Protein chains: 2
Amino acid sequence: MRKMGHESGNINQRRHQQIPLAVIKRLPIYHRYLSDLHQKEVARISSSELAAKIGITASQLRQDLSWFGSFGQQGYGYRVDELLQEVSRILGLNQNIGMVLIGAGRLGRAIIHYANFKRRGFHTKAIFDNNPDIVGEIIDEIPVYNISELENYLKSHAIQIGVITTPASAAQEVADRLVRCGIKGIWNFAPVSLKVPDDVIVEHVHIGESLMVLSMKLQQRKEQASDD
Amino acid sequence: MRKMGHESGNINQRRHQQIPLAVIKRLPIYHRYLSDLHQKEVARISSSELAAKIGITASQLRQDLSWFGSFGQQGYGYRVDELLQEVSRILGLNQNIGMVLIGAGRLGRAIIHYANFKRRGFHTKAIFDNNPDIVGEIIDEIPVYNISELENYLKSHAIQIGVITTPASAAQEVADRLVRCGIKGIWNFAPVSLKVPDDVIVEHVHIGESLMVLSMKLQQRKEQASDD
DNA sequence: CTAACATTGTTAAACTTTTAACAAAAAGGC
DNA sequence: GCCTTTTTGTTAAAAGTTTAACAATGTTAG
Ligand SMILES: NC(=O)c1ccc[n+]([C@@H]2O[C@H](COP(=O)([O-])OP(=O)(O)OC[C@H]3O[C@@H](n4cnc5c(N)ncnc54)[C@H](O)[C@@H]3O)[C@@H](O)[C@H]2O)c1
Ligand SMILES: NC(=O)c1ccc[n+]([C@@H]2O[C@H](COP(=O)([O-])OP(=O)(O)OC[C@H]3O[C@@H](n4cnc5c(N)ncnc54)[C@H](O)[C@@H]3O)[C@@H](O)[C@H]2O)c1
C-alpha cells in the first residue's frame with residue numbers, strides 16, 4: 001500500500017540558533033494531543049487536523065516542528081507514533097530523570113502522588129523535610145529524610161532535578177543548597193523568584209498568578225459588558 | 001519636602017484596545033514584588049529599580065503600566081502603596097470572589113489550604129466530590145457536598161469561579177455542569193483542554209507541562225555542552 | 001503508469017512585543 | 001528661586017512571533 005520514502009528525522013536542526021521559548025512551551029501540548037491520538041490508535045494525522053484540535057494554525061505547527069527536523073510526508077501527513085516518539089525525544093522524556101522533593105506538605109504530597117510523571121520517566125527518589133514528625137514517613141514508597149541529610153544524599157545519588165515545595169521563606173536557602181550540590185534543574189512551587197547561577201535552570205510554577213489572570217479577565221469582561 | 005502634584009490614576013486607558021495577554025501575565029508578578037516592598041515598608045521605587053528586581057527592562061515596566069494610566073511622577077518614581085493599590089484594582093483583587101472547588105483529592109486539598117488566596121479576596125465557599133467517604137467532611141472549615149448537589153448550591157449562592165481538581169476523565173463533564181449553571185470563570189488543573197462557550201474564561205494550570213519544559217531545557221544544555 | 005490531489009517544509013509578509021531614545025516635568029541641592 | 005539631576009510617559013525602531021502563500025513531492029485512484 002504505502003511505503004514511505006522516509007529519510008526520517010533529518011539532522012536539519014537549525015543548529016547554533018536558539019529555539020524560541022514560544023516554541024518550547026508548545027511542545028508539551030503537542031505531546032499531550034499526540035499521546036491521546038496514540039492511545040486512541042489513530043495512525044496518521046495531518047498538520048491541519050492536529051492544529052484544529054489544539055486550536056492553533058497548521059502553519060504554526062509545521063513551523064514549530066521544522067525547528068527540529070522533517071517528520072512528515074507530503075500528501076500524507078504525520079504518523080502519530082513516529083511524531084510522538086520524536087516529540088518525546090525532543091522533550092527529553094526517554095531518559096530516566098531522578099528527582100528529589102523538598103517540603104513534604106500538602107502540595108508536595110500531591111505532586112509526589114501524581115502518577116503521570118512517573119510514566120514519563122520522572123522518578124522521585126527521595127523526599128526531605130525539616131519537620132521531625134514527618135521525617136521517617138514513607139510517602140508513595142518514597143522515604144522522607146531529614147533535610148540535614150540532603151548534601152550527603154546528593155553526593156551519592158544521581159539526581160538531575162530538585163523540586164521545591166517548602167514555604168516561600170525557606171525556598172531560597174533550599175535552592176542554594178541544591179545548587180551547591182551540583183543540581184542543574186529546579187522545579188519551584190514557592191512564590192519567590194529564586195536567584196541561581198546562569199548554568200542552573202529554574203522552572204517556576206505560577207499557581208497563584210494564574211488565578212489572578214483569571215480574575216482580571218473576568219473583570220475586563222464585566223467592564224466591557226457595562227460600557228459598550 | 002516633596003509635595004506631589006498628583007492628578008493620580010488618569011483615565012488614560014487606551015479604551016477599546018485590547019490589553020495584550022503578555023502584559024496581563026506580568027501584572028501578578030508586579031503585584032508580588034510590590035506586596036513584598038510594601039511589607040518591607042519601602043515607600044517609593046523607580047521603574048528601573050523595580051524592573052531590576054524583577055529581571056525585566058524599565059522600559060517594559062513603564063510601557064505595561066501605561067496601558068492602565070499614569071501612576072508615577074517624573075523625578076521621583078512610584079509610591080509603592082499607591083501602585084500596589086492600582087495593580088490590585090486592575091487585577092480585580094479588591095472585590096470578594098466566591099469559588100467552589102470540585103474534586104477534594106490531594107491537589108484540591110492543597111489548593112483549598114493555600115491561604116494566600118483568601119488574603120487576596122478569593123473565598124472557597126463549598127467543595128464537591130463524588131466519593132461518599134469524603135462527602136460530609138469539613139476541610140479548612142469548608143463543607144464537602146455530594147456532587148449531585150452542585151446545581152442546587154449554585155442556584156442559591158453567588159459564585160464567580162469554579163475550580164476543577166477532579167481526574168481528567170471527569171473534568172469536561174464538571175465544566176459543562178458549571179457552565180450550565182452560569183459560571184463564567186473556570187480554574188482547571190486537570191490535564192485536558194476544556195471546551196466551553198466563548199463567554200466563559202478558562203485558566204488552565206499546566207503543572208506537568210512545565211516539568212517537560214524544564215526537562216527539555218536541561219537536555220538542550222547538555223547537547224550544547226557536548227557539541228561545541 | 002499517469003494525472004489529480006493532498007500536504008509538507010520553507011520563504012516572505014504581517015503582526016506583536018520588546019527595547020531604546022528623548023522631551024517634559026518634577027525633585028532636591030545650593 | 002535657580003540649576004542640575006532624576007525619572008516619567010510616550011513615540012519610534014528593533015526584534016521576535018505568527019500567519020499566509022506556494023513550490024516541491026509523495027499519495028491515491030483509475
Ligand atoms: N498549596 C497550594 O495550593 C500552593 C499553591 C501555590 C503555591 N504554593 C506554595 O507551595 C509551597 C508549599 O505549600 P503547601 O501548601 O504544601 O505548604 P505546607 O505547609 O503544607 O508544606 C510545607 C512543607 O515544607 C516543610 N518545610 C518547611 N521548612 C522547611 C525547610 N527549611 N526544609 C525542608 N522542609 C521544610 C514543612 O515541614 C512542610 O512539610 C509554599 O511555598 C506555597 O506558597 C502552594
Ligand atoms: N497531584 C498533582 O500534583 C497534579 C499535578 C498536575 C495535574 N493534576 C491533576 O489534578 C487532578 C487531581 O489530581 P489529584 O492528584 O488531586 O487526584 P486525586 O485522585 O487525589 O483527587 C481527585 C478527586 O476527585 C474526586 N472525583 C473523581 N471523580 C469525580 C466527579 N465526577 N465529580 C466530583 N469529584 C470527583 C475523587 O473522589 C477525588 O477526591 C487530576 O486531573 C490530575 O491529573 C494533579
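Because the structure is a prediction, the values reported are computed rather than measured. We name chains A, B, ... by the order of the sequence lines, and we start the count at 1 in each one.
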Could you give the [atom1]-to-[atom2] distance, from [X] to [N], as a whole number of Å?
X       : N      : atom1 : atom2 : result
A/Leu50 : C/dT7  : CG    : P     : 13 Å
A/Phe71 : D/dT25 : CZ    : P     : 19 Å
B/Gln18 : C/dC15 : CD    : P     : 17 Å
B/Gln73 : C/dA26 : CD    : P     : 8 Å
B/Tyr78 : C/dA27 : OH    : C1'   : 16 Å
A/Trp67 : D/dG16 : CH2   : C1'   : 10 Å
B/Gln60 : D/dG9  : CD    : C1'   : 16 Å
A/Lys25 : D/dT17 : NZ    : C1'   : 13 Å

Side chain to side chain contact (heavy atoms under 4.5 Å, CB included) partners for A/Asp81, two or more places apart:
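Checked A/Asp81 against side chain to side chain contact (heavy atoms under 4.5 Å, CB included); matches are A/His38, A/Arg79.
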Among residues at least two apart in sequence or on other chains, which ones pass side chain to side chain contact (heavy atoms under 4.5 Å, CB included) with B/Ser47?
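B/Ser47: side chain to side chain contact (heavy atoms under 4.5 Å, CB included) contacts with B/Ala58, B/Leu61, B/Arg62, B/Tyr78.
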A/Asp64 or B/Gly75, whichever maps to the more 5' nucleotide of DNA chain D:
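It is B/Gly75 whose nearest nucleotide is closer to the 5' end.
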Residues that A/Glu173 engages under salt bridge (Lys or Arg N to Asp or Glu O under 4.0 Å), provided they are two or more places apart
A/Arg177
What's the closest nucleotide to the [X] side chain, out of [options]?
X       : options                : result
A/Ser47 : C/dT8, D/dG26, C/dT17  : C/dT8
B/Ser70 : D/dT8, D/dG9, D/dT11   : D/dG9
A/Gln63 : C/dT7, D/dA20, C/dA20  : D/dA20
A/Arg44 : C/dT10, D/dT28, C/dA27 : D/dT28

Contacts under 3.5 Å, N or O only, protein and nucleotides 21-24 of chain D:
{"residue": "D/dA24", "atom": "N3", "partner": "A/Gln74", "partner atom": "NE2", "Å": "3.1"}

Going by the ring pair (Phe, Tyr, Trp, His ring centres under 6.0 Å) test, which pairs reach into residues 158-188 of chain A, not counting sequence neighbours?
A/Phe117-A/Trp187, A/Trp187-A/Phe189
Check whether any side-chain N or O of B/Arg26 sits under 4.0 Å from OP1 or OP2 of C/dT18, and answer yes or no.
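Affirmative; the distance criterion is met.
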Between B/Tyr76 and D/dG9, is there a side-chain N or O to OP1/OP2 distance below 4.0 Å?
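B/Tyr76 to D/dG9 OP1/OP2: no side-chain N or O under 4.0 Å.
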Residues that [X] engages under side chain to side chain donor-acceptor pair (under 3.5 Å), provided they are two or more places apart:
X       : answer
B/His31 : B/Ser88
B/Gln85 : none
B/Ser48 : B/Ser46

Could you tell me whether B/Ser48 contacts a base, only the sugar-phosphate backbone, or nothing, with contacts defined as non-hydrogen atoms closer than 4.0 Å?
nothing
Got a second to check how far A/Lys118's NZ is from A/Ile112's CD1, nearest 0.5 Å?
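Rounded to the nearest 0.5 Å, the NZ-CD1 separation comes to 10.0 Å.
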Kindly compute the distance separating CG (B/Leu214) from CD1 (A/Ile186), expressed to the nearest 0.5 Å.
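So the CG of B/Leu214 and the CD1 of A/Ile186 are separated by 9.0 Å.
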Starting from the first five and the last five pairs of the helix from C/dC1-D/dG30 to C/dC30-D/dG1, work out the angle between the resulting helix axes, to 10 degrees.
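The angle, to the nearest 10 degrees, is 30°.
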Let me know which of B/Gln219, B/Gln220, B/Met212 forms a side-chain contact (heavy atoms from CB on, under 4.5 Å) with B/Met216.
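Answer after filtering B/Gln219, B/Gln220, B/Met212: B/Gln220.
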